[in-house]
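I have placed the structure first, in the form of structure tokens, so that the comments after it can refer back to it.
Atom set for the values below is all heavy atoms of this structure, side chains included, hydrogens, waters and symmetry mates excluded.
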Amino acid sequence: MMSPFEHLRDEFSHAWDALIDGWQRLYRRAAGAMTRFSQGSEAQADSASSTALAERSTGWGVLAGEVLDGEDKIVVRLETPGMSKDDFDLEVVGDYLVVRGEKRVSREETQGRWQITECAYGSFERAIPLPAQVNGDQASASYEQGVLRVELPKRQPRERGVKLAVS
């Protein structure tokens, strides 16, 4: 028979394991959505306030997106408002779509003492895992109303063998 202390220790151990497992699952799911923004390549030297805004708005941000696995293609959509199509560099590397870009700070004057910054600006890179092999050289991309859409045709599996008729 277990003592109350041993029973409590055993229950605590199970609870701790469940908590760790939950955090690990949450981390795996969220890690792909978080994107690190670093100071942009464009100099923000026009004033001290825009330099302060650029420094304050770098850090972690979310580029919401989705990967759709269709019959013959994979479609990746990323919400990237405030950018233009020339701000992106796309590359297929192995089983990943790598999206690089830069969100530039648009300067706004504010009155008052309070400022809240929830947007991230600067250079970023995000590697999106693809669920199947693709033909990267046949991919196409478009950018409309703040959404980057990349279509990647799936690589067709090679036929293992073809039976030939004997004539």
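- Side-chain contact between D17 and S13 is present, with heavy atoms from C-beta onward closer than 4.5 Å.
- A side-chain contact (heavy atoms from CB on, under 4.5 Å) with V99 is found for exactly one of V76, L78, V150, namely L78.
- L152 CG to L68 CG: the interatomic distance, rounded to the nearest 0.5 Å, is 11.5 Å.
- Summarising the geometry, atom CG belonging to L130 is positioned 11.0 Å from atom CZ belonging to R155; distances are rounded to the nearest 0.5 Å.
- Interatomic distance, D21 CG to W16 CH2, rounded to the nearest 0.5 Å: 13.0 Å.
- Side-chain atoms of D95 and P129, non-hydrogen and from C-beta on, never get closer than 4.5 Å to each other.
- In this structure, Q138 CD and K73 NZ are separated by 13.0 Å, a value rounded to the nearest 0.5 Å.
- Annotation: salt bridge (charged side-chain N to carboxylate O under 4.0 Å, His left out) contacts of R9 (sequence neighbours excluded): none.
- The shortest distance between side-chain heavy atoms of E71 and K154 does not fall below 4.5 Å.
- We find the OG-CG distance between S142 and L148 to be 7.5 Å, quoted to the nearest 0.5 Å.
- One distance of note links CD of E151 with CG of D72; it measures 9.5 Å at 0.5 Å rounding.
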Going by atom type alone, with no hydrogens or angles, which donor-acceptor pairs under 3.5 Å involve a side-chain atom of residues 80-88 and a protein atom two or more places apart or on another chain?
residue: S84; atom: OG; partner: D87; partner atom: OD2; Å: 3.4
residue: D87; atom: OD1; partner: R104; partner atom: NH1; Å: 2.6
residue: D87; atom: OD2; partner: S84; partner atom: N; Å: 2.9

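- Side-chain contact check for V98 versus V92: every heavy-atom pair is 4.5 Å or farther apart.
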